[in-house]
Amino acid sequence: MSESDKKIDIDYVAQLARLELSDNDKEKLSGQLNDILVYFEKLNSVDVDGIEPMAHAHKVDNVWREGDELGPVFPKEVLKAMAPESRDDQVVVPKVVE
Amino acid sequence: MTDLFYSDISTLNKGLDSKSFSAVELMQSVIDRTDAVEAKINAFVDRDIEDALKQARASDERRARGENLGAFDGIPVGIKDILAVKDQSLRCASKVLEGYRSPYDATCITKLRNAGAVIWGRLNMDEFAMGSSTENSAYGVTANPWNLECIPGGSSGGSAAAVSAGEAIVSLGTDTGGSIRQPAALCGVVGMKPTYGLISRYGLVAFASSLDQVGPLSRSVKDSALLLEAITGHDPLDSTSLNQAKVDYSSALDATAKKKTLGVPKEFFQEGIDPEIKEAIEKAIDWYRSEGYAIEEISLPHSELCVPVYYIIATAEASSNLARFDGVRYSHRSKDAENILELFSKSRGEGFGEEVKRRIILGTYVLSSGYYDAYYLRAQKVRSLIRQDFEQAFTKVDAIITPTTPTPAFKRGEKSDDPLAMYLNDIYTISVNLAGLPALSLPVGMTQNNLPIGMQVIGKAFGEADILSIAHDFEINHGYKDMRPQI
């Protein structure tokens, strides 16, 4: 990768992450993250051809539950009480469909 | 007699059984101690004193009826603010969860309640367990009981400081890259990260799911063994929980650990290690040798790649796990959002602290189109190599001895503006999480400035009994277990 490829496009990544950053945050983070990415280049020192990627510490295949019986569920009052705004047993959010 | 709040579980059990004191008196002793030192330590983000005393009274009533539930009945256990405790606050030391109360108990909490334990307080941490100093908490920094100007380590800094300062008998922490062992080392207590899959994570707020584990912190190896026993067991509610036979870790401690072969990886004693730490660990290794343990130099050749592998995998997983804090069904909601996308991004921008934002951005970047292969996939492949290093080593040795940290506790603020320097503090602990192995840290010395030094003992998968007995052997032949900070 060339030097310019390594620069994080902070606006684009913040948008992907659905995370609003202040201009201050952006400036500070960009510098720090670029340093960290340079550090990550250590990984290029090792040959990984033919090595299997490891996603999990133990080889566990799909875990299935016995049957699909309904267990205890939280009363809707409990769940509604957590929501920042609710109405008629629904969580209220700004308009989604134009 | 030792103060109740500084006693070990076996001593407390004897006292409770012989009615020398009640569970309420024990809890009150811990509450009073906490009141006395908390202004200096700030180990807790929340304490429900009434609830703790109510649990203690229930324990006393059980004992009076002859219904003692075992070693934990009436013992106050401090809980990191990342594990769900029913009807108590659960904030992960983050503003994004301000006001949130958990509607259910984590499985490890249920197990402790079934064992009669008093669930005590919400312990401070780095926000969402991201950090090595407990400075990334939205609710104030925690001080190291050995030097109030120093950090206690992190992310389970509150869990380690509370145990060290006598504000809990034992505590639960979580460890994704060293978050139990590193604060345990810096606060002079015992802390253990069990094998991945040994303890259910149902009710643990996820940070990096392929690495996170719950584990004990305590002032003695035996108390960690007891706490571990109390929380292990298969849980259908966590698909990564493995079905392992129950092990009586505390009884296995006295089984002679002699003649075990201990590996010493040469890569862990090279540049970057504080000379006092190096000396203390070498002295401990000499002690093991003199006691008849075989000592073998081994190599873990990919060790220096652990930090980059970890900070790619952990941030990638975190960026995905923390997507749930979107301000819709729970968590902080911005008042300035005009549409749904703004609701997500403003709520998250207002709610998360700096380190969490840094890691979400980094994790999103390494997973993004065009970079996935170069970073995430490559890191997963190197992770395989790191695991192979351990597999190779464990064909020759029973356990591996290393320092837990490269330096003793550092001053507050010293590394806050240099994330890379902070990340390098985890250099000796994170390979264990990447490989899914068990490891503990125990105090093995003090620096000239009176700061604790921790030694890490790494075991084979499900080798908890081995590393506990190796650590116990050292502990009972040295005096570090009974050292107390002057607060």
Side-chain angles (χ1 to χ4, degrees), chain A residues 1 5 8-10 12-22 25 28-30 32-33 35-46 48-58 60 62-66 71-72 74-75 78-79 81-86 91-96 98, chain B residues 100 103-104 195-197 210 236 239-240 242 302 304-305 307-309 311-312 319 323 326-333 337-346 348-350 352 354 357-358 360-362 364-365 368 374-375 377-385 387 419-420 423 435-436 461:
Chain A
M1 253 181 267
D5 285 343
I8 284 191
D9 179 347
I10 195 93
Y12 173 64
V13 180
Q15 185 212 324
L16 287 178
R18 303 284 186 258
L19 182 61
E20 186 173 276
L21 298 174
S22 67
D25 278 347
K28 195 170 173 188
L29 281 178
S30 298
Q32 289 172 339
L33 293 173
D35 288 348
I36 293 168
L37 290 183
V38 169
Y39 181 70
F40 284 175
E41 279 174 24
K42 266 178 182 262
L43 292 186
N44 296 332
S45 66
V46 60
V48 292
D49 278 356
I51 305 291
E52 281 291 310
M54 173 182 169
H56 195 280
H58 305 298
V60 181
N62 283 341
V63 177
W64 303 100
R65 288 191 193 154
E66 294 286 324
F74 296 117
V78 171
L79 300 177
M82 287 178 192
E85 196 183 341
S86 65
V91 171
V92 176
V93 293
K95 195 159 97 177
V96 178
E98 291 300 328
Chain B
Y100 182 81
Y104 69 100
T195 308
Y196 186 83
S210 79
S239 60
T240 65
L242 298 173
H302 297 96
E304 67 156 349
L305 300 177
V307 175
V309 168
Y311 279 94
I312 290 170
S319 71
D326 55 11
V328 175
R329 292 152 302 147
Y330 55 92
S331 76
H332 170 75
R333 180 181 286 195
E338 300 198 345
N339 57 52
I340 190 74
L341 287 182
E342 275 188 17
L343 182 106
F344 299 150
S345 60
K346 283 183 189 289
R348 291 159 62 77
E350 291 168 12
F352 290 134
E354 185 178 314
K357 286 179 183 168
R358 189 181 293 127
I360 289 174
I361 293 290
L362 191 54
T364 304
Y365 177 77
S368 64
Y375 292 108
L377 190 63
R378 191 172 192 91
Q380 284 191 310
K381 289 180 176 178
V382 181
R383 186 177 180 185
S384 290
L385 296 173
R387 175 167 65 181
L420 202 49
Y423 296 172

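Lettering follows sequence order; numbering is per chain, from 1. What you see below is based on every heavy atom in this structure, not just the backbone, and it leaves out hydrogens, waters and symmetry mates.
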Is there a donor-acceptor contact under 3.5 Å from the side chain of B/R387 to the main chain of A/A57?
yes
For B/P419 and A/Q32, the nearest pair of non-hydrogen atoms, with its separation, is CD-NE2, 3.6 Å
Charged N to carboxylate O below 4.0 Å: is that the case for B/K357 and A/D25?
yes
Other residues, nucleotides and ligands only: do more than 12 of their heavy atoms fall within 6.0 Å of OH on A/Y12?
no
When the 4.5 angstrom heavy-atom criterion is applied to A/V91 and chain B, the contacting part is side chain
Does any heavy atom of chain A fall under 4.5 Å from the side chain of B/S319, the backbone, both, or neither of them?
neither
At a heavy-atom separation under 4.5 Å, does B/E304 approach chain A through its side chain, its backbone, both, or neither?
both
Assert top hit (heavy-atom pairs under 4.5 Å, partner chain A, pool B/S331, B/S210, B/S239, B/G197) equals B/S239
A/M54 and B/A435: which non-hydrogen atoms are nearest, and at how many Å?
CE-CA, 4.4 Å
Between chain A and each of B/H302, B/K346, B/R333, count heavy-atom pairs under 4.5 Å; write down the option with the most.
B/R333
Side-chain heavy atoms of B/Y365 within contact of A/L33, under 4.5 Å:
no
At a heavy-atom separation under 4.5 Å, does A/F40 approach chain B through its side chain, its backbone, both, or neither?
both
Does any backbone or side-chain atom of B/L305 lie under 4.5 Å from a heavy atom of chain A? Answer side chain, backbone, both or neither.
both
Output the option from A/A81, A/A55, A/S86 having the highest count of non-hydrogen pairs under 4.5 Å with chain B.
A/A55
Minimum heavy-atom distance between B/S384 and A/P53, given as atom pair plus value
OG-C, 3.8 Å
State, with a plain yes or no, whether a side-chain heavy atom of B/T195 is found less than 4.5 Å away from one of A/H58.
yes
Hey, is the main chain of B/A323 close enough, under 3.5 Å, to the side chain of A/R18 for a donor-acceptor pair?
no
Tell me whether B/T364 contacts the main-chain N or O of A/V13 through its side chain, where contact means a donor paired with an acceptor under 3.5 Å.
no
Report yes if the side chains of B/L362 and A/L29 come closer than 4.5 Å at any heavy-atom pair, otherwise no.
no
Look up atom OH in A/Y39 and atom OH in B/Y311, then write down how far apart they are to the nearest 0.5 Å.
10.0 Å
Mind checking whether A/H56 and B/Y196 have parallel, tilted or perpendicular rings, split at 30° and 60°?
perpendicular
Atom CD1 of B/I360 and atom CG of A/L16: how far apart are they, to the nearest 0.5 Å?
13.0 Å
Engaged part of B/P103 at the chain A interface, taking heavy atoms whose separation is under 4.5 Å
both
Looking at side-chain heavy atoms only, is the closest gap between B/I361 and A/L21 below 4.5 Å?
yes
Spacing of CZ belonging to B/R378 relative to CG belonging to A/N44, to within rounding of 0.5 Å
5.0 Å
Separation of A/L43 CG from B/Y375 OH (nearest 0.5 Å):
9.5 Å
Interface residue of largest heavy-atom contact number with chain A, from B/I340, B/T240, B/L242, under 4.5 Å
B/I340
Please identify, among B/L377, B/L420, B/L341, the residue contributing the most non-hydrogen atom pairs under 4.5 Å to chain A.
B/L420
